[in-house]
Enquirer: 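Quick one: the structure is below, questions incoming.
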Amino acid sequence: MYFKIKTEAEKALRKAVESFDCEFEEEIKMEFPPNPELGDLASTISFQLAKLLRKAPNLIAPEIVENIELPEIFERVEATGPYVNFFINHDIFAKQLLDSVDEDYGQLEAIDEKIILEHTSANPNGPLHIGHIRNSVIGDSLRRLLTKAGYNVDTQYYVNDMGRQLAMIVYGMEEHGLKLEDQPSEKIDHKVGELYFKVNQMINEDESLGEGVDATIRKYEGGPSELDEKFEYAVNSCLEGVKETLKRMNVKHDAFVWEGQFVRTGIVDNLTQELIDIGYARQGEVLYLDLSEFDIPKELVLRRADGTSLYSTRDIAYHIYKSKNCDIILDIFGSDHKLAARQVELALEILEEIEPNSDKMEVIFYEFITLPEGSMSTRRGVFISVDELMDEAVKRAKEEILSRRSDIDEELVDEIAEEIGIGAIRYYIARLSPEKHITFKWDEALSFERGCASIQYAHARACKLLKKAQEENNIDLDNLEVEETWSLNDNEKELVKLIAKFPSLIEDSAKIRRVHPIAQYCQDLAGAFNRFYKSEQVIGSDVENARLLLVEKARIALKNSLDILGVSAPSIM
RNA sequence: GCCCUGGUGGUGUAGCUUGGAUAACACGUGGGACUGCGGAUCCCAUUCCCCGGGUUCAAAUCCCGGCCAGGGCACCA
């Protein structure tokens, strides 16, 4: 609805400006006024015109107002200083809004662009920890946001099945008799992590063992051998656990892409050869890529001295593959990957897979989540796993529910606790912009006070009210006529405006590839709903239909915005 | 050392791309409301743009120089 209002205001402004003697071609700037007394939509067009007309902005604004033909959706337009403020005719606006919101609200028109979104891609050498989960939450929320914005999104998890870390695990199993089933944890990915930790300890104590790992890598890359199924077994075991964790977090991937295929199919060799042919790859002690002309003084090693492949080279191959299959490559990486990502992008340019300086490859970098005592490490066995985090979150949520209600049965309590616990985690991460460093603290991450739970609560309240109207008063929500007498009060206006904002919020957030504005929106919307709910009687009021519809549409907006964050909206809690 | 991020009330953040009205949200703290549709509610108070220059009619926002914190600069991923 805001799209429409904005366009109408812009059109009217442009027409008004036509009567002035100047050529005004720029995009008209619009913004939201700081408070309702200054209207619902404002334009700073006077500032833009000031230079052209050689006139003070606060003199231009009244002239525009005088010349403007006001569209019906506005009640009036005023000049306040240099600003041109539009006031919505809320009675008309609200009715149009209530008509336009359906279950699909917020879904924008399809855009003919395919995005391959890579996220999580954690090494399969142990369970996901709370550092990885920031990647998943950002990635999965973005998947939901971009889909809602009309893009065709394909999400992929890049599986590092060929790295040194995996080789260490296989080496430990093959040469030192370590077995997954001997590890103490219950869950399979945790067992993998424990085994990996042990191999690390062994190598720390006796560095000569590293030679065995090298041999394992050489053999695995050398061609089909009995090692293949060992690697597959290790990777699949870990992935099995990781997938369980992701599922519980409401994170969905369309595909798991194994890096090994890029080596086996010869793509890595081909691209390496091509880089040599073009002249960017040089042979020193090892084969490396010279990127100094791009202001990267550090050479990128393409192959180990023993001929085996490296992560960076395989990643270039993967990105070539992605590039061939989509319009936009979108990666979610930790900020420690900044240099590597830039190198991959340059390699793609050199290989003419993407245009120089194109924006086909986009990377969202996020800063780390650290523990108060320092950074996490699978290798050192220092981390908080996502499984632990979820268990604790759900446990706390359950206690919270039990302390408030004794009237619902255990099974339902567990179900709701799950929704609240997982929601709290996702919300805690999604609400922050990615470049913000987080020091993890249990109480902050799992706070139910005014966090995600209060948003879910607003939704549950709406559901309860609607249910009551339907069951006790036999009201059919689908056939309600808004009363002619309905004239909106401030709480209603605020709620209507927020609901109306949703589609343009999706468009804007999708454009900047950020999900945290959605989190803020959820909170604002819940707040507006709670204020409305507190001050206005719905059932039994003389504008009952209008208000019931408003509750229903607020409920949808709340549910759909939470959905973008991967947070479920319980109807009872 | 070089490069990349961040620095906004007591705390955690949004706003910075594209400069514009009284800097937004939540927590905390202190007061208060409500016997109605669920109190995980609502209202009021409280307190902020790291420092120094510059550009501009106008700077949290742009530019330069500092300071502090995190990350990167592997034949790891």
Enquirer: Could you tabulate the donor-acceptor pairs under 3.5 Å formed by side-chain atoms of residues 340-347 of chain A, not counting sequence neighbours?
Expert:
{"from": "A:Arg342", "atom 1": "NH1", "to": "A:Glu345", "atom 2": "OE1", "distance (Å)": "3.4"}

Enquirer: Base, sugar-phosphate, or nothing for A:Ala458, non-hydrogen atoms under 4.0 angstrom?
Expert: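 Since no nucleic acid heavy atom lies under 4.0 Å of A:Ala458, the category is nothing.
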Enquirer: Taking atom P in both B:rG54 and B:rG10, compute the distance separating them and give it to the nearest angstrom.
Expert: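 My reading of the P atoms in B:rG54 and B:rG10 gives 28 Å.
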Enquirer: Rounded to whole angstrom units, what separation is found between the CD atom of A:Glu31 and the P atom of B:rG19?
Expert: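 The distance from CD of A:Glu31 to P of B:rG19 comes to 11 Å, rounded to the nearest Å.
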Enquirer: Within the pair A:Lys436 and B:rG6, is there a side-chain N or O less than 4.0 Å away from OP1 or OP2?
Expert: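 No.
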Enquirer: Would you list the protein and nucleotides 29-33 of chain B atom pairs, both N or O, that sit under 3.5 Å from each other?
Expert:
none

Enquirer: Reading nucleotides 68-77 of chain B 5' to 3', which nucleotides get B (base under 4.0 Å from a protein heavy atom), which S (sugar-phosphate only), which -?
Expert: ---SSSSBSB
Enquirer: Mind checking who B:rG6 pairs with, Watson-Crick or G-U wobble, both distances under 3.5 Å?
Expert: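 The answer is B:rC68, by the H-bond criterion.
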Enquirer: Only distances under 3.5 Å count here; give the side-chain donor-acceptor pairs of residues 457-472 of chain A to other protein atoms, sequence neighbours excluded, each with its distance to 0.1 Å.
Expert:
{"from": "A:His459", "atom 1": "ND1", "to": "A:Pro570", "atom 2": "O", "distance (Å)": "3.0"}
{"from": "A:Arg461", "atom 1": "NH1", "to": "A:Asn530", "atom 2": "OD1", "distance (Å)": "2.8"}

Enquirer: A:Tyr366: which residues meet the ring-ring contact (aromatic ring centres under 6.0 Å, His included) condition with it, sequence neighbours left out?
Expert: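 A:Tyr366: no ring-ring contact (aromatic ring centres under 6.0 Å, His included) contacts found.
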Enquirer: Do the side-chain N or O atoms of A:Lys467 get closer than 4.0 angstrom to the phosphate oxygens (OP1, OP2) of B:rG38?
Expert: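 No, because none of the side-chain N or O atoms of A:Lys467 sits under 4.0 Å from OP1 or OP2 of B:rG38.
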Enquirer: Does B:rA60 pair with anything, Watson-Crick or G-U wobble, both distances under 3.5 Å, and if so, with which nucleotide?
Expert: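 B:rA60 is unpaired by these criteria.
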Enquirer: For residues 286-316 of chain A, which residue pairs qualify under ring-ring contact (aromatic ring centres under 6.0 Å, His included), counting only residues two or more places apart or in two chains?
Expert: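 Listed once each, the pairs would be none.
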Enquirer: Looking at A:Arg514 and A:Glu435, is there a salt bridge between them, counting it only when a charged N and a carboxylate O are closer than 4.0 Å?
Expert: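 Looking at A:Arg514 together with A:Glu435, the answer is yes, because their closest N to O distance falls below 4.0 Å.
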Enquirer: For B:rU55, give the paired nucleotide (Watson-Crick: N1-N3 plus N6-O4 or O6-N4; G-U: N1-O2 and O6-N3; both under 3.5 Å), or none.
Expert: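 Partner of B:rU55: none found under 3.5 Å.
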Enquirer: Under 4.0 Å, heavy atoms only, any strand: does A:Asp161 hit a base, just the sugar-phosphate, or nothing?
Expert: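 Here A:Asp161 touches no strand at all.
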Enquirer: For B:rU46, give the paired nucleotide (Watson-Crick: N1-N3 plus N6-O4 or O6-N4; G-U: N1-O2 and O6-N3; both under 3.5 Å), or none.
Expert: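 Result: B:rG28.
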Enquirer: Between A:Arg531 and B:rC43, is there a side-chain N or O to OP1/OP2 distance below 4.0 Å?
Expert: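 For B:rC43, OP1/OP2 do have a side-chain N/O of A:Arg531 under 4.0 Å.
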Enquirer: Applying ring-ring contact (aromatic ring centres under 6.0 Å, His included), name anything that partners A:Phe231, two or more places apart in sequence or on another chain.
Expert: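 ring-ring contact (aromatic ring centres under 6.0 Å, His included) check on A:Phe231 returns A:Tyr220.
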Enquirer: Examine the base of B:rG38 for any acceptor or donor lying under 3.5 Å from a partner atom in the side chain of A:Arg404, and report the outcome as yes or no.
Expert: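 No such pair is found, so the answer is no.
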Enquirer: Among A:Asn489, A:Val538, A:Asp490, find the residue that satisfies the side chain to side chain contact (heavy atoms under 4.5 Å, CB included) test when tested with A:Phe532.
Expert: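 The side chain to side chain contact (heavy atoms under 4.5 Å, CB included) with A:Phe532 is passed solely by A:Val538 among A:Asn489, A:Val538, A:Asp490.
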Enquirer: Give A:Gln537 one of three labels, base, sugar-phosphate or nothing, depending on what nucleic acid heavy atoms sit under 4.0 Å from its own.
Expert: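 Since a base atom lies under 4.0 Å of A:Gln537, the category is base.
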Enquirer: Determine which pairs satisfy salt bridge (Lys or Arg N to Asp or Glu O under 4.0 Å) with at least one residue from residues 538-548 of chain A, sequence neighbours left out, and list them in order.
Expert: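 Every pair satisfying salt bridge (Lys or Arg N to Asp or Glu O under 4.0 Å) with a residue in residues 538-548 of chain A: A:Glu492-A:Arg547, A:Glu536-A:Arg547.
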Enquirer: Look at all strands and tell whether A:Glu444 reaches a base, only sugar-phosphate, or nothing, counting heavy atoms closer than 4.0 Å.
Expert: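 Nothing, no heavy atom under 4.0 Å.
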Enquirer: Taking the side chain of A:Asn35 as heavy atoms from C-beta outward, which of B:rC43, B:rG6, B:rU22 is closest to it?
Expert: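 Between B:rC43, B:rG6, B:rU22, the one nearest the side chain of A:Asn35 would be B:rU22.
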Enquirer: If a pair satisfies salt bridge (Lys or Arg N to Asp or Glu O under 4.0 Å) and one of its residues is in residues 413-427 of chain A, list it, with sequence neighbours excluded.
Expert: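 Salt bridge (Lys or Arg N to Asp or Glu O under 4.0 Å) check on residues 413-427 of chain A returns A:Asp140-A:Arg426, A:Arg248-A:Glu418, A:Lys398-A:Asp414.
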